[in-house]
J.: 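Submitted below is the structure of interest, expressed as C-alpha cells.
Keep in mind the model is a prediction, meaning the values are calculated, not measured.
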Amino acid sequence: MRTRRASAAGKLTVVVTTLVLVVAGCGGGPSPRAWAASVCEALTPWRAEISKLTSSTHQQMTAQTTPAQAKENLVRLFAGAEQASETARRRIADAGIPETDHGDEVSKGFRMSLEKIRDAYGRAGDTIDALDTGQATAFYDGVQAAVDKLNKEYDASALDTGRLNSEELKQAFDEVPECR
C-alpha cells in the first residue's frame, strides 16, 4: 500500500509541476509599467555613455593631438559606445516581452534599434582603425567621413516611439518615474 501511495504522490508531483510550467509559459511577461521602467533603466546609462562619447569625439576632432593619438582614442571611444549599446540591448532583451497588445513587436523594435546602433558604432570604429595616420589631413577627412556615416546610420536606426501600437505602453512610458 505504501508503494502505491508513493507512486501516486510522485505522479501527482509530476502533474502539478507540469501544470505550473505550462501556466508559467502562458503570458507571464512583465506589466507595461514594469517593462517600461526596465527599458528606461537600461537606456539611462546608455544615454549617458553616448553623451560622453559625443563630447569626447568632438574634443578628439578638434584637439591638438597626433593622428595616431586621435585614432587610438576614437577607436576606444567607439568601442565603448558599441559595448554600451550591446549592454542596453541585452538588458532590454532580459526585460522580457511586455504583457500588452503587440508587446513582442515593441520589444523587438527596441532591440533591433539598439542592434543597428551597436553595429554602426562598430563599423565606425573599424573604419577609423583602418585609416592611415601618415597624413593628418587625409586621416581627419577619413574620420569625418566615418562620423558622417555613423550619424546617418544612427538616425536611420531610431525607433519611432509614436508607432508603439500599444496605448498601455505609451501611457506607461509617460508615467513611470524611471522614464522621466
Side-chain angles (χ1 to χ4, degrees), residues 30 33-98 103-164 169-170 172-180:
R33 288 180 61 88
W35 190 80
S38 293
V39 167
C40 290
E41 286 173 347
L43 294 178
T44 297
W46 175 76
R47 283 188 194 120
E49 183 68 23
I50 298 308
S51 177
K52 184 175 86 176
L53 165 77
T54 302
S55 175
S56 296
T57 299
H58 179 71
Q59 289 172 357
Q60 286 301 313
M61 296 285 288
T62 59
Q64 297 295 321
T65 61
T66 67
Q69 291 168 323
K71 177 180 180 173
E72 180 182 330
N73 292 336
L74 288 168
V75 168
R76 186 175 57 251
L77 289 169
F78 286 127
E82 181 181 18
Q83 181 57 48
S85 300
E86 173 55 21
T87 299
R89 187 207 61 78
R90 194 172 339 114
R91 288 184 68 193
I92 290 172
D94 290 347
I97 306 300
D104 187 47
E105 175 187 332
V106 172
S107 177
K108 184 178 179 181
F110 273 89
R111 292 188 321 269
M112 288 182 65
S113 179
L114 284 164
E115 285 175 17
K116 290 175 184 177
I117 291 168
R118 175 201 63 203
D119 295 346
Y121 279 120
R123 280 189 294 277
D126 291 345
T127 299
I128 292 170
D129 196 31
L131 293 174
D132 182 14
T133 59
Q135 297 215 352
T137 301
F139 171 75
Y140 284 109
D141 287 348
V143 168
Q144 187 62 54
V147 170
D148 289 346
K149 183 177 179 185
L150 169 65
N151 287 333
K152 286 178 186 168
E153 290 178 349
Y154 195 96
D155 290 343
S157 69
L159 178 67
D160 181 3
T161 56
R163 297 183 60 212
L164 286 176
L169 284 174
K170 287 178 188 178
F173 277 109
D174 288 341
E175 293 177 356
V176 296
E178 294 84 353
C179 296
R180 293 185 189 161

J.: Would you say the side chain of Leu169 lies within less than 4.5 Å of the side chain of Pro98, judging by non-hydrogen atoms?
T.: yes
J.: When rounded to the nearest 0.5 angstrom, what is the spacing between CG in Leu159 and NZ in Lys108?
T.: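 So the CG of Leu159 and the NZ of Lys108 are separated by 13.0 Å.
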J.: Quick check: closest heavy atoms across Cys179 and Ala36, and the distance to 0.1 Å?
T.: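 Distance-wise, the nearest heavy atoms are SG-O, 3.5 Å.
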J.: Less than 4.5 Å apart, side chain to side chain, heavy atoms only: is that true for Glu178 and Thr44?
T.: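 No, too far: nothing below the 4.5 Å cut-off.
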J.: Do you know which two heavy atoms are closest between Thr133 and Lys71, and how far apart they sit?
T.: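 Looks like CG2-CD, 3.5 Å.
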J.: Is there side-chain contact between Phe78 and Asp126, with heavy atoms separated by less than 4.5 Å?
T.: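 No. Closest side-chain heavy atoms not under 4.5 Å.
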J.: Can a salt bridge be assigned to the pair Arg123 and Glu153 using a cut-off of 4.0 Å between side-chain N and carboxylate O?
T.: yes
J.: Answer yes if the side chains of Gln144 and Asp148 hold a donor-acceptor pair under 3.5 Å, and no otherwise.
T.: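 Yes, a side-chain donor-acceptor pair sits under 3.5 Å.
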J.: What pair of heavy atoms forms the shortest contact from Leu150 to Ala124, and how long is it?
T.: CB-CB, 4.1 Å
J.: Evaluate the side-chain proximity of Ile97 to Val106: yes if any heavy-atom separation is below 4.5 Å, no if none is.
T.: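 No; the side chains remain at least 4.5 Å from each other.
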J.: Grab the two heavy atoms, one from Tyr140 and one from Thr65, that are nearest each other, plus how far apart they are.
T.: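 So the two residues come closest at OH-O, 3.5 Å.
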J.: Would a 4.5 Å heavy-atom cut-off, applied to side chains only, mark Pro67 and Glu72 as touching?
T.: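 Side chain of Pro67 against side chain of Glu72, heavy atoms only: no contact under 4.5 Å found.
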J.: In the structure I gave you, are the side-chain heavy atoms of Tyr121 and Ile50 within less than 4.5 Å of one another anywhere?
T.: yes
J.: Got a donor-acceptor contact below 3.5 angstrom from the Asp129 side chain to the Gly125 backbone?
T.: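 Such a contact is absent between Asp129 side chain and Gly125 backbone.
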J.: Cut-off 3.5 Å, side chains only: do Trp46 and Thr87 have a donor facing an acceptor?
T.: no
J.: Evaluate the side-chain proximity of Leu74 to Val143: yes if any heavy-atom separation is below 4.5 Å, no if none is.
T.: yes
J.: Take Leu114 and Ile92 through the test side chain to side chain contact (heavy atoms under 4.5 Å, CB included) and record every step on the way to the result.
T.: CA-CA 9 Å; Leu114 284 164; Ile92 290 172; 3.5 Å; yes
J.: Between Leu43 and Ala88, which heavy-atom pair has the shortest distance, and what is it?
T.: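 Closest approach of Leu43 to Ala88: CD2-CB, 4.4 Å.
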J.: For Glu175, look at atom CD and say whether over 12 heavy atoms of other residues, nucleotides or ligands are found less than 6.0 Å away.
T.: yes
J.: For Lys52, is there any backbone N or O sitting under 3.5 Å from a side-chain donor or acceptor partner on Ser55?
T.: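 Not confirmed, Ser55 side chain does not pair with Lys52 backbone.
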J.: Could you check whether the rings of Phe173 and Phe110 sit parallel, tilted or perpendicular, using 30° and 60° as the cut-offs?
T.: parallel
J.: Rounded to the nearest 0.5 Å, what's the gap from CD1 on Ile117 to OH on Tyr154? Could you check?
T.: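 Here the interatomic distance stands at 4.5 Å.
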J.: Any chance the side chains of Arg111 and Ser107 put a donor and an acceptor closer than 3.5 Å?
T.: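 Their side chains do contain a donor-acceptor pair, which is all the 3.5 Å distance test asks for.
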J.: Given salt bridge (Lys or Arg N to Asp or Glu O under 4.0 Å), test Arg118 with Glu82 step by step and report yes or no.
T.: CA-CA 5 Å; Arg118 175 201 63 203; Glu82 181 181 18; 5.5 Å; no
J.: What verdict does the side chain to side chain donor-acceptor pair (under 3.5 Å) test give for Arg89 and Ser85, after you've listed the backbone C-alpha separation in whole Å, the side-chain angles of each residue and the deciding distance to 0.1 Å?
T.: CA-CA 6 Å; Arg89 187 207 61 78; Ser85 300; over 6 Å; no
J.: Minimum heavy-atom separation for Val75 to Ile128, with atom names?
T.: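 Closest approach of Val75 to Ile128, heavy atoms only: CG2-CG2, 4.0 Å.
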